[in-house]
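Below is one structure, written out as structure tokens; comments come after it.
Predicted model only: the values in this text are computed from it and were never measured. This chain uses plain numbering: 1 for the first residue, then up along the sequence.
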Amino acid sequence: MASRLALVVDDSKTARITLKRMLEKHDLHVDTVESAQQALDYLVHKTPGVIFMDHMMPGMDGLQAVQAIKSNPSTATIPIMMYTSKEGDLYVSQARALGAIGILPKQVEPAELYEVLSSLGLVSERRTAETPSRNRIVMMDDLPEAPAQADEPE
């Protein structure tokens, strides 16, 4: 089983606390930081089993942080889930191209979070797994390969 430590990176205190509480229900240890730069500083000393990265933050945004984390050999293997309200094919393509493993909506349901944690080996199987009413998470393994196109209008 992978490291039972998760890092939540979000400039919204409410979003950090909400996701932290949800993760702790799965017996994960959770650290939180409020900026991409703080996440990079954190990763100098600790290696979480997964990072949940917001997209829109002051200073360095989440995609820039993913690029920095994935370009550093000592942090490149850490799975990163984008934790954001941003969506769309262009965004998914950009996140995938930079190395994110998936996109989790800000209004995540417990069953969706469990699915992500299970796919990462961070939770053991429950006797009865809940099935989300509709699947709103995007896992990069589930998508066909498509080149990222940065010049398209949003």
Side-chain angles (χ1 to χ4, degrees), residues 2-26 28 30-40 42-43 47-72 75-123 129-154:
S3 168
R4 308 246 336 133
L5 174 63
L7 175 63
V8 176
V9 184
D10 201 309
D11 60 321
S12 163
K13 183 177 181 179
T14 301
R16 285 193 314 269
I17 291 170
T18 300
L19 185 56
K20 178 178 179 169
R21 288 181 180 158
M22 291 178 76
L23 291 166
E24 287 174 342
K25 288 180 181 179
H26 294 284
L28 293 173
V30 183
D31 289 333
T32 64
V33 295
E34 60 187 68
S35 73
Q37 185 58 55
Q38 287 178 350
L40 296 178
Y42 170 96
L43 293 172
T47 305
V50 63
I51 299 171
F52 292 90
M53 180 73 68
D54 184 24
H55 175 75
M56 299 298 289
M57 294 181 283
M60 182 186 302
D61 73 23
L63 291 180
Q64 292 169 321
V66 170
Q67 187 172 21
I69 292 165
K70 292 299 181 178
S71 66
N72 180 341
T75 58
T77 60
I78 301 170
I80 303 173
M81 282 294 295
M82 299 307 294
Y83 175 60
T84 181
S85 54
K86 194 154 173 68
E87 54 187 30
D89 292 341
L90 177 61
Y91 179 71
V92 170
S93 293
Q94 289 173 330
R96 178 197 341 213
L98 293 172
I101 62 162
I103 299 172
L104 195 65
K106 283 279 180 117
Q107 301 299 322
V108 65
E109 294 178 15
E112 292 171 322
L113 182 59
Y114 174 81
E115 184 181 329
V116 168
L117 296 175
S118 179
S119 73
L120 293 170
L122 292 171
V123 293
E130 297 173 29
T131 303
S133 55
R134 63 188 190 286
N135 195 353
R136 300 175 306 142
I137 59 173
V138 175
M139 294 301 288
M140 299 309 180
D141 292 347
D142 299 338
L143 298 172
E145 287 296 321
Q149 298 177 4
D151 294 329
E152 288 184 22
E154 290 187 17

Student check: side-chain heavy atoms of Val30 and Leu19 closer than 4.5 Å: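 Side chain of Val30 against side chain of Leu19, heavy atoms only: no contact under 4.5 Å found.
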Minimum side-chain heavy-atom gap Pro110-Lys25 below 4.5 Å: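 No, their side chains stay 4.5 Å or more apart.
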Rounded to the nearest 0.5 Å, what separates atom [atom1] in [X] from atom [atom2] in [Y]?
| X | Y | atom1 | atom2 | value |
| --- | --- | --- | --- | --- |
| Leu7 | Leu43 | CG | CG | 6.0 Å |
| Thr75 | Tyr42 | OG1 | OH | 12.5 Å |
| Lys20 | Thr32 | NZ | OG1 | 5.5 Å |
| Leu28 | Met22 | CG | CE | 12.0 Å |
| Leu98 | Ile69 | CG | CD1 | 11.0 Å |
| Tyr114 | Leu122 | OH | CG | 11.0 Å |

Smallest separation among heavy atoms of [X] and [Y], with atom names:
| X | Y | value |
| --- | --- | --- |
| Met82 | Ala100 | CG-CB, 3.9 Å |
| Leu104 | Val108 | CD1-CG2, 3.5 Å |
| Arg16 | Val33 | CD-O, 3.2 Å |
| Ile101 | Met81 | CG1-SD, 3.7 Å |
| Val9 | Ser35 | CG1-O, 3.5 Å |
| His26 | Leu117 | CD2-CD1, 3.6 Å |

Crowding at CG, Asp89 (>12 non-hydrogen neighbours, <6.0 Å):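 No.
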Exam field: side chain Lys70 to backbone Ile78, donor-acceptor pair closer than 3.5 Å: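 Yes: the side chain of Lys70 pairs with the backbone of Ile78.
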Pairing residues for Thr77 by the side chain to side chain contact (heavy atoms under 4.5 Å, CB included) criterion, not counting sequence neighbours: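 Thr77 satisfies side chain to side chain contact (heavy atoms under 4.5 Å, CB included) with no other residue.
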Partners meeting salt bridge (charged side-chain N to carboxylate O under 4.0 Å, His left out) with Asp31 (sequence neighbours left out):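 Partners of Asp31 by the salt bridge (charged side-chain N to carboxylate O under 4.0 Å, His left out) criterion, ordered by chain and then number, come out as Lys46.
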Determine all donor-acceptor pairs shorter than 3.5 Å in which one atom belongs to a side chain in residues 48-61; sequence neighbours excluded.
{"from": "Asp54", "atom 1": "OD1", "to": "Lys106", "atom 2": "NZ", "distance (Å)": "3.4"}
{"from": "Asp61", "atom 1": "OD1", "to": "Leu63", "atom 2": "N", "distance (Å)": "3.0"}
{"from": "Asp61", "atom 1": "OD1", "to": "Gln64", "atom 2": "N", "distance (Å)": "2.8"}

